Amino acid sequence: MTNKKKPKVYITRRLPDVVETRMRELFDAELNIDDTPRSQPELVAAVKRVDVLVPTLTDRIDAALIEQAGPQLKLIASFSNGVDHIDIDAAARNGITVTNTPNVLTEDTADMTMALILAVPRRLIEGANILTDPRGDWAGWSPTWMLGRRISGKRIGIVGMGRIGTAVARRAKAFGLSIHYHNRKRVSAETEEKLEATYWDSLDQMLARVDIVSVNCPSTPATFHLLSARRLALMQPTSYIVNTARGSIVDETALIKCLREGKIAGAGLDVFENEPAVNPKLLKLATEGKVVLLPHMSSATLEGRIDMGDKVVINIRTFFDGHRPPDRVLPGRV
C-alpha cells in the first residue's frame, strides 16, 4: 500500500491506543478521541465522504444510512463479532463489502459466562456487598447463612453450540456439570464425545430438564425472543438463566415476571433488550439478590480488543490490495 493513496477511514468509537496508532500509520484514519457515540447525522456525513466505515455494535448502520453513502464507500469494516447492527443486504445492493471480527472473543466471553454461572447460584454479589455495606451488620460465619446452590452435578443447557457455546461447555464440564445443548445443527460426534454432551433437537424439551440455561446463540430475526414467555415457563423453579449473547434473544418482560413470581430461581445478564437502558425492574431484582447484572462486558479484555483491531486492519488492507478480505460477511449468512 506504500505507493497507493491511503484509504480514508472513519472510526466511530475510541479503540485501544495500539490499534489507533496502527490505523493512523496505514490509513488516513479519523479517530473518535473523546469516545462520544456518533449521531445518525454524523454517520450520514461520514459515509458521504470516506472510503471505509469502522463502526461498532452501538452504531445503527441501517438501509436508510447505507442508501445515503457516497460512491467512494466500498467497505464497512465492523469492529465487532456480531453484525446485527448492520443491514448486510442493503450494503450488498449498494456494492459495499461488510467485514467483522470473528473468533477472537470466544474465550473471553466464555470466561465471563462461566463467571455468571458461578456467581448467580452461589450468591457471589450478595456476599461481596455485605462486607461493604455501611451498616456493617455481618455477624460472622453461620451454618445456615447465605446458602446458595451447588453447581457440580447439575445439568447445563446451552442454547447455541457455536464457538462460544462449545467453549462454555468445556468450562462447565470441568466444573462437573452435565452438558446438554440445542443448536440448529448437531455438532460433530467427536465434540459430543469429548464433552459427553447430550443433543436436544427440541429446545422446549431441553429447557424443562436442565438446571442452568446458557444463552450463546447469535442475534438474528429467527432468534428474537427465542426464549419467549412460553418457553421460560417451561423452566424449573430451581433453574437459572445466563445470557452473554444479546438481550433480544430473551423476552425480558417475561423473564422479569418469572423471576418475580419465583418460577425461575435467578439470572445472570450481561446484555439487555434496550441497551444501554436497563429495565428498572431488573435493577430492583438485583438489589434483592435475584439477578446479577453486568454492563455488557463479557468480551471486555484488552487482549481481545487489540485482536479485534488487528482483524479490522487486516480486512481493510486486504480489501484495498485487491483481494477478498478474510472476514467478509455475505448476505443471507448472518
Side-chain angles (χ1 to χ4, degrees), residues 1-2 4-88 90-92 94-105 108 275-276 295-321 323-329 334:
M1 291 176 60
T2 54
K4 300 178 183 178
K5 182 181 177 181
K6 291 182 178 181
K8 190 166 185 61
V9 177
Y10 185 87
I11 304 165
T12 66
R13 298 298 295 268
R14 178 84 187 271
L15 304 181
D17 287 348
V18 64
V19 175
E20 292 186 338
T21 301
R22 190 62 175 147
M23 292 271 198
R24 292 283 289 180
E25 289 173 344
L26 294 171
F27 316 125
D28 179 7
E30 185 175 337
L31 308 179
N32 183 345
I33 301 300
D34 63 6
D35 200 34
T36 303
R38 296 309 189 198
S39 66
Q40 215 64 10
E42 287 174 315
L43 292 175
V44 170
V47 299
K48 287 180 181 293
R49 59 183 174 80
V50 302
D51 305 304
V52 183
L53 179 68
V54 179
T56 68
L57 58 85
T58 60
D59 301 302
R60 184 164 54 89
I61 315 301
D62 57 15
L65 174 67
I66 291 169
E67 294 294 340
Q68 298 179 73
Q72 81 295 327
L73 183 70
K74 294 300 181 185
L75 178 63
I76 298 173
S78 190
F79 186 87
S80 65
N81 180 30
V83 289
D84 45 300
H85 58 298
I86 302 173
D87 191 322
I88 306 297
N94 285 270
I96 300 170
T97 297
V98 177
T99 62
N100 64 339
T101 60
N103 311 333
V104 296
L105 303 177
D108 297 330
E275 289 184 30
H296 202 147
M297 56 185 282
S298 63
S299 65
T301 67
L302 178 60
E303 296 87 348
R305 295 291 186 251
I306 291 174
D307 288 345
M308 291 172 70
D310 287 343
K311 276 188 169 284
V312 171
V313 168
I314 290 169
N315 283 320
I316 296 173
R317 293 196 70 181
T318 305
F319 181 85
F320 283 95
D321 281 341
H323 305 291
R324 175 173 172 162
D327 301 310
R328 183 183 180 190
V329 180
V334 180

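What you see is a predicted model, and the numbers here were worked out from it, not measured in a lab. When reading the values below, keep in mind they use all heavy atoms of this one structure, side chains included, and skip hydrogens, waters and symmetry mates. We number each residue from 1, following the sequence as shown.
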As an exercise, state the distance from [atom1] of [X] to [atom2] of [Y], rounded to the nearest 0.5 Å.
X	Y	atom1	atom2	result
I314	T101	CD1	OG1	11.5 Å
H323	N315	NE2	CG	13.5 Å
I66	L53	CD1	CG	9.0 Å
L57	H296	CG	NE2	5.5 Å
L73	Q68	CG	CD	12.0 Å
S80	M308	OG	CE	6.0 Å

Decide yes or no for [X] and [Y]: does some side-chain heavy atom of the first lie under 4.5 Å from some side-chain heavy atom of the second?
X	Y	value
S298	D108	no
D62	E67	no
L65	V44	yes
P7	K74	no

Write down the atom of [X], the atom of [Y], and the distance for their closest heavy-atom approach.
X	Y	result
S78	H85	OG-NE2, 3.0 Å
A63	D87	CB-OD2, 3.6 Å
V104	G304	CG2-O, 4.4 Å
Y10	E42	OH-O, 4.3 Å
V19	G309	CG1-CA, 3.7 Å
A69	I96	CB-CD1, 4.4 Å

Legend entry - Residue of the set L31, L43, T36 for which side-chain contact (heavy atoms from CB on, under 4.5 Å) holds with T12: L43
Legend entry - Name of the residue among T99, L15, V54 meeting side-chain contact (heavy atoms from CB on, under 4.5 Å) with V312: V54
Electrostatic pair [X]:[Y] at N-O distance under 4.0 angstrom:
X	Y	value
D51	K8	no
D327	K311	yes
E30	R49	yes

Legend entry - Backbone of N81 reached by a side-chain donor or acceptor of N100 within 3.5 Å: yes
Inset, instruction - Report the C-alpha separation of T301 and R305 in whole Å, then their side-chain angles, then the decisive distance to 0.1 Å, and conclude whether the side-chain contact (heavy atoms from CB on, under 4.5 Å) test is met. - result: CA-CA 6 Å; T301 67; R305 295 291 186 251; over 6 Å; no
Inset, instruction - For side-chain contact (heavy atoms from CB on, under 4.5 Å), just list the numbers for N32 and D34, CA-CA rounded to whole Å, side-chain angles, deciding distance to a tenth of an Å, and then say yes or no. - result: CA-CA 6 Å; N32 183 345; D34 63 6; 2.8 Å; yes
Inset, instruction - Please list, chain by chain and in numerical order, all residues satisfying side-chain hydrogen bond (donor to acceptor under 3.5 Å, both in side chains) with Q72, sequence neighbours excluded. - result: none
Inset, instruction - Any pair with a residue in residues 11-20 that passes salt bridge (charged side-chain N to carboxylate O under 4.0 Å, His left out), sequence neighbours left out, goes on the list, sorted by first then second residue, please. - result: R13-D35, R14-D17, R14-E20
Inset, instruction - Go through the steps to decide whether R328 and V98 satisfy the test side-chain contact (heavy atoms from CB on, under 4.5 Å), and finish with yes or no. - result: CA-CA 6 Å; R328 183 183 180 190; V98 177; over 6 Å; no
Inset, instruction - Could you go through the side-chain contact (heavy atoms from CB on, under 4.5 Å) check for V52 and F320 one step at a time? - result: CA-CA 10 Å; V52 183; F320 283 95; 3.2 Å; yes
